[in-house]
Amino acid sequence: MALIGHQPDGATPLDADDLAALRPKHVTTREQLNELEQDNILRAQSRVLGVRPGPRPALLTERYVRRVHQLMFDRVWKWAGRYRRSDTNIGMSWHEIPADVQNLCDDAQYWIANQTY
């Protein structure tokens with residue numbers, strides 16, 4: 001993967017694949033990316049944990065997990081809230097992720113219902 005642009009000393013540049021998936025076009029280093037992601041995550045945290053009137057969503061569902069992921073990264077990445085469609089050098093195979101997220105939600109619901117942790 002080719003690295004894009006001139007970087008300040010000590011800055012870790014983003015590769016072309018990362019840059020193509022970014023929403024903000026001014027980001028060129030990991031430091032800038034980390035700051036944007038942190039801001040986005042804090043915004044999502046406020047929205048998710050904030051007190052709102054009305055019914056609360058079912059929290060331990062695959063759909064809600066994807067919604068929180070979308071809120072955490074929607075201002076940074078085009079893929080926010082969606083499962084990846086390729087393998088990376090870490091983690092599980094991409095096609096296993098939806099079922100594993102569902103299993104995790106099911107397990108957590110069981111643990112809570114049966115008070116077994």
Side-chain angles (χ1 to χ4, degrees):
M1 290 180 208
L3 301 177
I4 307 299
H6 174 72
Q7 305 301 319
D9 288 342
T12 304
L14 300 175
D15 64 43
D17 290 338
D18 288 335
L19 291 170
L22 273 175
R23 289 191 183 282
K25 297 303 178 196
H26 69 279
V27 176
T28 58
T29 67
R30 291 275 170 203
E31 181 179 15
Q32 292 169 327
L33 176 60
N34 290 343
E35 288 175 12
L36 280 177
E37 284 185 335
Q38 181 180 4
D39 290 345
N40 204 162
I41 290 168
L42 291 173
R43 182 181 141 272
Q45 181 180 3
S46 175
R47 286 188 64 189
V48 170
L49 298 178
V51 177
R52 295 182 306 270
R56 304 291 280 173
L59 301 180
L60 293 175
T61 65
E62 182 270 345
R63 182 178 181 186
Y64 190 73
V65 169
R66 281 188 296 114
R67 177 68 178 132
V68 170
H69 186 271
Q70 180 182 22
L71 290 171
M72 289 171 61
F73 297 106
D74 63 349
R75 292 185 174 183
V76 179
W77 296 106
K78 293 176 183 174
W79 44 252
R82 291 181 279 168
Y83 294 118
R84 62 181 158 89
R85 303 286 297 175
S86 62
D87 286 330
T88 61
N89 61 343
I90 60 170
M92 66 180 61
S93 179
W94 70 267
H95 66 273
E96 297 174 356
I97 296 171
D100 278 4
V101 170
Q102 183 62 55
N103 288 339
L104 175 63
C105 292
D106 293 345
D107 287 348
Q109 288 177 22
Y110 177 87
W111 298 330
I112 291 169
N114 294 283
Q115 296 182 1
T116 179
Y117 310 102

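Keep in mind the model is a prediction, meaning the values are calculated, not measured.
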Inset, instruction - Quick one: list whatever passes side chain to side chain donor-acceptor pair (under 3.5 Å) with Arg75, sequence neighbours left out. - result: none
Inset, instruction - Just jot down the side chain to side chain donor-acceptor pair (under 3.5 Å) partners of Arg66, sequence neighbours excluded, or say none. - result: Glu62
Legend entry - Over all atoms of both residues, closest heavy-atom pair of Cys105 and Thr61: SG-C, 3.5 Å
Inset, instruction - Enumerate the residue pairs fulfilling ring pair (Phe, Tyr, Trp, His ring centres under 6.0 Å) with a member in residues 92-111, sequence neighbours excluded, ordered by first and then second residue. - result: none
Legend entry - Partner set under side chain to side chain donor-acceptor pair (under 3.5 Å) for Asp106, not counting sequence neighbours: Gln102
Inset, instruction - Sorted by first residue and then second, give each salt bridge (charged side-chain N to carboxylate O under 4.0 Å, His left out) pair with at least one member in residues 34-48; sequence neighbours left out. - result: Arg43-Asp74
Legend entry - Nearest-0.5 Å distance that lies between atom CG in Asp18 and atom OG1 in Thr28: 12.0 Å
Inset, instruction - Find the distance between OG (Ser93) and CG (Asp87) and round it off to the nearest 0.5 Å. - result: 4.0 Å
Legend entry - Over all atoms of both residues, closest heavy-atom pair of Leu19 and Val27: CD2-O, 3.3 Å
Inset, instruction - List, by chain and number, the other hydrophobic cluster members for Tyr83, where Ile, Leu, Val, Met, Phe, Trp and Tyr join if side-chain heavy atoms come within less than 4.5 Å, directly or indirectly. - result: Val65, Met92, Ile97, Val101
Inset, instruction - Sequence neighbours left out, what passes side chain to side chain contact (heavy atoms under 4.5 Å, CB included) with Ser86? Give chain and number order. - result: none
Inset, instruction - List, by chain and number, the other hydrophobic cluster members for Leu42, where Ile, Leu, Val, Met, Phe, Trp and Tyr join if side-chain heavy atoms come within less than 4.5 Å, directly or indirectly. - result: none
Inset, instruction - Nearest 0.5 Å please: distance from the CG atom of Leu104 over to the CD atom of Gln109. - result: 10.0 Å
Legend entry - Greater than 12 external heavy atoms within 6.0 Å of Arg63's CZ: no
Legend entry - Residue pairs involving residues 13-70 (criterion ring pair (Phe, Tyr, Trp, His ring centres under 6.0 Å); sequence neighbours excluded): His69-Phe73, His69-Trp79
Inset, instruction - Grab the two heavy atoms, one from Val48 and one from Val68, that are nearest each other, plus how far apart they are. - result: CG2-CG2, 4.1 Å
Inset, instruction - Starting at CG of Leu14, measure out to CD of Gln32 and round the result to the nearest 0.5 Å. - result: 8.0 Å
